[in-house]
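Just so we're on the same page: letters track the sequence lines, and every chain starts at 1.
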Amino acid sequence: MRLSHQQGQGQSQSPLTSAHIAQTMTLLSMTTTELLQTIDLELSKNPALELINERRCPMCGRKLPPTGPCPVCSQPRTLDPEETIVFVSPRDDFYSYSGRGGFDGDNTPEDPYASINIDLPSYVMHQVAPDLEREEQKIAAMILSNLDEDGFLAIEIRDICRFHHTTSSSVERVLTKIRHCEPLGVGARSIEEALLAQVDVLAESTEVPNHIREAIAEHFDLLSKHHFGEIAKKLRVTNEEAKSLCHFISENLNPFPARSNWGNFRQPNDSSPDVFHQPDILIYYLNNNPKNPLIIEIITPSRGTLRINPLFQKALNKSADEKKEEWKKDLDKASLLIKCIQQRSNTMRQLMEKLVNIQKSFIIQGDTYLEPLTRAHIAEALDVHESTISRAVANKTVQLPNKKIIPLSTFFDRSLAVRAIMRNIIENEIHALNDTEIKNRLEKQGIKIARRTVAKYRSMEGILPAHLRRIEKFATV
DNA sequence: CTATGGCACGGATT
DNA sequence: AATCCGTGCCATAG
């Protein structure tokens, strides 16, 4: 089904050709983590494929030291800051390269498989996924990969919106569904929210006390201190009722629903949800000095070099005829995989070279400087099919010199620059501007968008509407 | 009555 | 062919 648009010539040729195309495409759209899983899977069931303890640079083919990128390819030829160095970097340690801010959960797992295990995120994902649209699933994946060890949300909703170019209300919608999963209340931002979610679910099957939502939402501090008298006063109920409220809560609700460890059992080859734990591409200045050239490192998983097992090759030549068929298949598969991985690296490198060239000022100076760009445009420049670019961009994340991790698709965002300008306008506003006024300001800068669109951008950025902003401004000053 | 958010449509993008 | 994104229209809240 995936090959549907590949008709025409070539179809009648050997099956290797179409298999090659198919596999190249699937590999291309994989994240680094998924690629590693694929390789491991193939290694485990294909005797023709072998992993030897010798690391070679995928670009120049030189032997490499046991860890780190290629010392030759990763060295700039000059120290010209105009130059950028793009190279494919085989990392056996790429899992430790998480530089994501605000996430302390799993900085450096010892076991490279740690982030592939079925853990809390996957567990919840399996529950919600069927209820969600495709786009919502991605949001859910991001939410779930940003939970702290108690299952609370360790990321701002605003950041999720910006990451996925969506509005806070749609994120909230997903969040609500997640909170109603086992463990009840996972993904809450606070204990209160977790408890409220549990009350919601409980209310569907049983009777819940009258003022319980109000008590949790507004008087949680009193509740935890067991100040029944005060609670009773605030809610205008009797002391007895207040007491029974507390009792109900301690009996039926769990303030840390997701606390405790989620076993370490492994996940075989389940179609795992997107997990944004690791960037697929790193961009940084050489030696972190902005005067040096930019380095673009395309991470590729590697604990050695993949090759065809020479023993297998020999055995094949000698073997009996019936087995030959079978073994030949494995051999073909193995060499196909190796070729396709090379091709993937190559495409990624070409893509990044072009991309960095065009979006350099965005990388260095930030959102405002993002050039409008479409995948089709890059495809034309590189003379490849646009679907190739689509797949290469899909599901990948980039770590910028400022250590922020963003999706690669941000490089093709049409509205990011406008939103950045809008943010700027709002930050510098004297009094809270309403959407129409913002629209006019933008128009003065040569940006023509509808008022409705301003509202949407605002929501994506997590900026409150004008009348609510006014209050906030005075509160902070 | 004004500002904002929801829904849905159509053109662009993938 | 499927999806995304900007926008217009309308309901609703303030």
Can you see if the side chain of [X] gets near the phosphate of [N] - specifically, an N or O under 4.0 Å from OP1 or OP2?
X: A/Arg458; N: B/dG5; value: yes
X: A/Arg375; N: B/dT14; value: yes
X: A/Tyr457; N: C/dC5; value: no
X: A/Thr453; N: C/dT7; value: yes

ask   = Is the closest side-chain heavy-atom distance between A/Met348 and A/Gln343 below 4.5 Å?
value = no

Please report the distance, rounded to the nearest Å, between [atom1] in [X] and [atom2] in [N].
X: A/Lys448; N: C/dG6; atom1: NZ; atom2: P; value: 16 Å
X: A/Phe412; N: C/dC5; atom1: CZ; atom2: C1'; value: 17 Å
X: A/Asp413; N: B/dA12; atom1: CG; atom2: C1'; value: 15 Å
X: A/Leu28; N: B/dT14; atom1: CG; atom2: C1'; value: 14 Å
X: A/Glu172; N: B/dG5; atom1: CD; atom2: P; value: 13 Å
X: A/Glu443; N: C/dG6; atom1: CD; atom2: C1'; value: 15 Å
X: A/Lys456; N: B/dC9; atom1: NZ; atom2: P; value: 14 Å
X: A/Leu468; N: C/dA13; atom1: CG; atom2: P; value: 15 Å

Do [X] and [Y] have a side chain donor and acceptor closer than 3.5 Å?
X: A/Thr31; Y: A/Asn395; result: no
X: A/Tyr284; Y: A/Gln399; result: no
X: A/Thr167; Y: A/Ser170; result: yes

ask   = Near A/Glu172 CD, under 6.0 Å, is it more than 12 heavy atoms from other residues, nucleotides or ligands?
value = yes

Tell me what [X] touches on the nucleic acid: a base, only sugar-phosphate, or nothing, going by heavy atoms under 4.0 Å.
X: A/Ile389; value: nothing
X: A/Arg452; value: base
X: A/Ser415; value: sugar-phosphate

task = Measure from the side chain of A/Ala450, starting at C-beta and using heavy atoms only, and say which of C/dT7, B/dT13, C/dC5 lies closest.
result = C/dT7

task = Tell whether A/Arg451 reaches the base of C/dG8 with its side chain through a donor-acceptor pair below 3.5 angstrom.
result = no

ask   = For DNA chain B, whose closest nucleotide is more 5', that of A/Arg173 or that of A/Thr374?
value = A/Arg173

